[in-house]
There are 2 protein chains.
Amino acid sequence: MSLVEKKMPRINERLATSGFRFTPQREHVYSVLLEERDHPTAEQVFLRAKNGMPDISMATVYNCLDALVKCGLVKQVTADRGGMRLCTNMHEHCHFYCERCGGRYDIYLTRARPRVPLPRRVRAHHCELSIGALCPDCGAKRK
Amino acid sequence: MSLVEKKMPRINERLATSGFRFTPQREHVYSVLLEERDHPTAEQVFLRAKNGMPDISMATVYNCLDALVKCGLVKQVTADRGGMRLCTNMHEHCHFYCERCGGRYDIYLTRARPRVPLPRRVRAHHCELSIGALCPDCGAKRK
DNA sequence: CTAGGTGCAAAAGGTTTGCGGTTAA
DNA sequence: TTAACCGCAAACCTTTTGCACCTAG
């Protein structure tokens, strides 16, 4: 069973419980995000979504992404410049980005999970740890 | 001795060792950043820099910020939308941002420092942990 | 019937770039 | 002398907004 087959059925109820309607565009955008486990920009999502739905517009892609983020199916990653990146991996993890080629990869913390002191009554909604460096390929090229 | 007086003398050598020239604009932009310990946007830096240097341009502010970041005097913070934020606190710390008012605050980790498994020969250049939530003020207003 | 969603096009931010003139090494 | 830097303005890229039309509840 593919990741797409496994995760797609959730979209309907997830949208509904957050007060969003289930639309073909939102379903399609979500399936496009699930197909590749990379961290595409909104522009890349748009281009991929046009395969199979040629009439979809950029504004609709942003609308869909917003709904998917708000109903907890997709995360927005904003480390470094170049616009938002999308991520469908909702497990606790952090991100590695290459400063040269811009590639993004998921990293899982092995040992301690950081303890962050927040003021009373403040509960973190979003938490993101990102590491910037040269990926092995770019590091090799540089030499 | 103020933070400005304490840190300003470093700028000359720091720029030099990274191959940048020491210019009045860079000095001024750095002093502006040191004066307030908030996390201004490039736009805000530009507006503050114009006090005392009315002819400075936006492009020059970006140039100065780029040089200051590259020579290790200033950090760029990119959590959430709304453009880059600047930070002169070079100690290891993470950032809190309010999802409502956009305010940013430094947070220091108390206990464990996260251990992130990176591939061999990959050394992290940048590392950023950011937490998004409602600040106490905005949390109170929402009720 | 009405709020929400879509596509299109234009606008709005934020950042970068090209260019002529200036300045420090 | 010349490479780096400055200010200005235009270009660029990403994201948001306004509007007319459409559709699910």
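To find a chain, count down the sequence lines: A is the first, B the second, and so on, and within it residues start at 1.
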Colleague: Let me know the distance between CG of B/Asn63 and P of C/dG18, rounded to the nearest Å.
Modeller: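 So the CG-P distance, B/Asn63 to C/dG18, works out to 15 Å.
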Colleague: To the nearest Å, how far apart are A/Phe22 CZ and C/dG4 C1'?
Modeller: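 Those two atoms, CZ and C1', are 16 Å apart.
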Colleague: Map B/Arg21 and B/Pro54 onto DNA chain D by nearest heavy atom, then report which one ends up closer to the 5' terminus.
Modeller: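 That would be B/Arg21.
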Colleague: For A/His93 versus A/Cys87, what's the shortest heavy-atom pair and its separation?
Modeller: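 For A/His93 and A/Cys87, the tightest heavy-atom pair comes out as NE2-SG, 3.6 Å.
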Colleague: For A/Leu65 and C/dG5, give me the distance from atom CG to atom C1', rounded to whole Å.
Modeller: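 Going from A/Leu65 (CG) to C/dG5 (C1'), I get 15 Å.
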Colleague: Measuring from atom CZ of A/Phe20 to atom CG of A/Asp66, what distance do you get when rounded to the nearest 0.5 angstrom?
Modeller: 6.0 Å
Colleague: With side-chain contact (heavy atoms from CB on, under 4.5 Å) as the criterion, how do B/Met84 and B/Gln76 come out once you've worked through the C-alpha distance, each side chain's angles and the decisive distance to 0.1 Å?
Modeller: CA-CA 6 Å; B/Met84 70 158 103; B/Gln76 239 176 279; 3.7 Å; yes
Colleague: From the set D/dT16, C/dT6, D/dC5, return the single nucleotide nearest to any side-chain atom of A/Tyr62.
Modeller: D/dT16
Colleague: Using heavy atoms to find the nearest nucleotide of DNA chain D for B/Ser57 and A/Met58 separately, return the residue whose nucleotide is more 5′.
Modeller: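 So the residue in question is B/Ser57.
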Colleague: Between B/Phe46 (CZ) and C/dG14 (C1'), how many Å, whole number?
Modeller: 13 Å
Colleague: Over how many whole Å does the gap from B/His28 atom NE2 to D/dG7 atom C1' extend?
Modeller: 15 Å
Colleague: When all nucleic acid strands are considered with a 4.0 Å heavy-atom cut-off, which category describes A/Gln25: base, sugar-phosphate, or nothing?
Modeller: sugar-phosphate
Colleague: What nucleic acid atoms does B/Phe20 come within less than 4.0 Å of, heavy atoms only: base, sugar-phosphate, or nothing?
Modeller: sugar-phosphate
Colleague: Side-chain contact, heavy-atom cut-off 4.5 Å: B/Lys50 with B/Ile56?
Modeller: yes
Colleague: Counting side-chain heavy atoms from C-beta on, which of D/dC6, C/dA9, C/dG5 comes nearest to A/Arg26?
Modeller: C/dG5
Colleague: Hey, is the main chain of A/Thr41 close enough, under 3.5 Å, to the side chain of A/Gln44 for a donor-acceptor pair?
Modeller: yes
Colleague: Find which nucleotide of DNA chain C each of B/Gly83 and A/Gly19 is nearest to by heavy atoms, and output the residue with the more 5' nucleotide.
Modeller: A/Gly19
Colleague: Rounded to whole Å, how long is the line connecting atom CD of A/Gln76 with atom C1' of D/dT15?
Modeller: 11 Å
Colleague: Tell me the interatomic distance from B/Met53, atom CE, to D/dC8, atom C1', rounded to whole angstroms.
Modeller: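 Computing the B/Met53:CE to D/dC8:C1' distance gives 17 Å.
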Colleague: Assign B/Thr23 to base, sugar-phosphate, or nothing according to its heavy-atom contacts below 4.0 angstrom with the strands shown.
Modeller: sugar-phosphate
Colleague: Could you state the atom-to-atom distance from CD of B/Glu43 to C1' of C/dG14 in whole Å?
Modeller: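 For the pair B/Glu43 CD and C/dG14 C1', the rounded distance is 9 Å.
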